[in-house]
Amino acid sequence: MDMRESITPSFSLPESPNSDTDDSASAALVSSTKALFTLLGGSPTTTDSTVVNGTTKKSSATSKLCSVCADKSTGLHYGASTCEGCKGFFKRSVQNKKVYHCSQDNCCEIDKQNRNRCQSCRFRKCISKGMLTEAVREDRMPGGRNGNSIYSNYKQRRSIIRKTRDYVEEIERRPFQSLPSGKKLIKELVEMDCLDRLINLKGLRINPASASSDIAPACKRLTRIGDEIVEQLVEWTKTLPFFDELPVEAHTHLLTQRWAELVLLSAGYYACSVFTPDSPDTTEMIDETDEISFTNPQVNLRLLQNRLALVLGKEIPFEHVSKEAGTLVHRFTTLLNSFSNLKVSPEAYVCIKAITLLHLSPDSTLDRTIIDKVNTLQDHFVKTLQIHLHQPGEDSQQTTSLAQILEWLPELRNASSVLLHSKMFYVPFLLCKNPRRLVFDE
DNA sequence: CATCAAGGCCAA
DNA sequence: TTGGCCTTGATG
């Protein structure tokens, strides 16, 4: 089926670990999309928070009740005040990666008497009440307490959600005016973007101890890089202000469809922000060919050849690189060129990223109400982007119009299909960052 | 040393 | 599978 297998050069990406029934673009993502569910925080559907029996005030009395089923609470468990039953249920669900389905309409009431009637709705309520899958330990180590990072991340997310709501309301009240609170919000979105995590992929690390005998692990890392990329994108998704507005299924659906575009957009933005438009004064170059070209695919193919050699610890013949990655590199270079013409600011970039993620194909299988919600959210980000573009830029003159950016998006989409077909998901990253300069905080 | 919040155990 | 009770171990 995959005739490439026989002539596969050692750097290309084989098919996904244990599936080969289809060669669809997302085949290599099979393991990743499954992981999406667990990473995104469990299984089921909506994250609506049906506030039952007057939980409006958080008095001392309510804190002694389980926030999921109103049974007697035995303290904080995984981020929420719950009973032993809901605690154990949540733990088992996460540990065993359970995916439940509601036989009704995903709106079963959960209380002490009927909490065992629908696992799906019980788990959904656990999540909506703030229980965090991250708080269930993978290593099963007992005792102690979880570090603050898990919960602070969550709190940060909640606060951004609140600010976004205010912001969106403000936009709707008085559109097309400069909004200081909006500026602040966009700034926070920029800070949460974590582009570095995506750029500094572990899979592209050079093992200093590795001689050419260690090629196998390097190769293996390259084949797993799709998983790593998706993992990073999932983390990014979780920090989005609208994360809790959509059911996990919707996030999975969107990410599965759009991740390649997000990869190209991120890599492209990184390249544009690091390599200032054709500046000849490149003082700290490592090689004479260390810089990505925005116009010449041949230069980039050479660059790819060199960096692959670095990562794999072995020379790759140029014809090989050219044959396998030529189309992709060509396409990526063209995309870079048009993208750099847009002169996108960090603020605009985060908006474009959100708009890209929120793009639904016409044949989407999602629920009608969810589709409407996604479209509304996308509209909000388009508005936000437009407002940003209308603000007087401090440095260079903002000459890019909203229309120019929106017209560029189909080009991104087309290029993403080339990336998916090539299955060499690491190419954009390898081209825009020298593996020698990768930075890791751990 | 008490407390809190993880994990484990096992009868129902 | 559930959930009451027990053990663990970091934290203040």
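Chain A is the first sequence line, chain B the second, and so forth, proteins listed ahead of strands; every chain is numbered from 1.
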Next item on the list: Answer yes or no: is there a donor N or O on one side and an acceptor on the other, between the side chain of A:Arg115 and the main chain of A:Cys69, under 3.5 Å?
Entry: no

Note to self: What is the distance, to the nearest angstrom, from the CE atom on A:Met141 to the P atom on B:dG8?
What the structure shows: 11 Å

Check: When you match A:Ser93 and A:Lys87 each to their closest nucleotide on DNA chain C, which lands nearer the 5' end?
Finding: A:Ser93

Checklist line | Separation of atom NZ in A:Lys91 from atom P in B:dC10, rounded to whole Å | finding: 13 Å

Notebook entry, point to check: For A:Glu84 and B:dA11, what is the distance between atoms CD and P respectively, to the nearest whole Å?
Noted result: 18 Å

Note to self: Whether A:Tyr78 contacts B:dG7 is assessed here as follows: a side-chain N or O lying under 4.0 Å from the phosphate OP1 or OP2. Is that the case?
What the structure shows: yes

Notebook entry, point to check: Can the ring centroids of A:Tyr100 and A:Phe89 be said to lie less than 6.0 angstrom from one another?
Noted result: yes

Check: Counting any heavy atom closer than 4.0 Å, what does A:Glu138 reach on the DNA or RNA strands: base, sugar-phosphate only, or nothing?
Finding: nothing

Next item on the list: Kindly say whether A:Ser364 contributes a backbone atom to a donor-acceptor pair with the side chain of A:Ser361 at under 3.5 angstrom?
Entry: no

Next item on the list: Would you state whether a donor and an acceptor, one from the side chain of A:Arg145 and one from the base of B:dT3, lie under 3.5 Å apart?
Entry: yes

Notebook entry, point to check: A:His77 NE2 to C:dT8 C1': how many Å, rounded?
Noted result: 15 Å

Checklist line | Whole angstrom value for the distance that separates C1' of C:dA10 from CD1 of A:Ile150 | finding: 14 Å

Notebook entry, point to check: Which residue, A:Arg92 or A:Gly143, contacts DNA chain C at a nucleotide closer to its 5' end, judged by nearest heavy atom?
Noted result: A:Arg92

Checklist line | Aromatic ring pairing A:Phe339/A:Tyr269, orientation class (parallel under 30°, perpendicular over 60°, tilted between) | finding: perpendicular

Notebook entry, point to check: Starting at NZ of A:Lys112 and ending at C1' of C:dG4, how long is that distance when rounded to a whole Å?
Noted result: 12 Å

Next item on the list: Figure out the CG/C1' separation between A:Asp139 and B:dG8, and round it to whole Å.
Entry: 14 Å

Margin query: Can you measure A:Asn96 atom CG to B:dG8 atom P for me and round it to whole angstrom units?
Written below: 11 Å

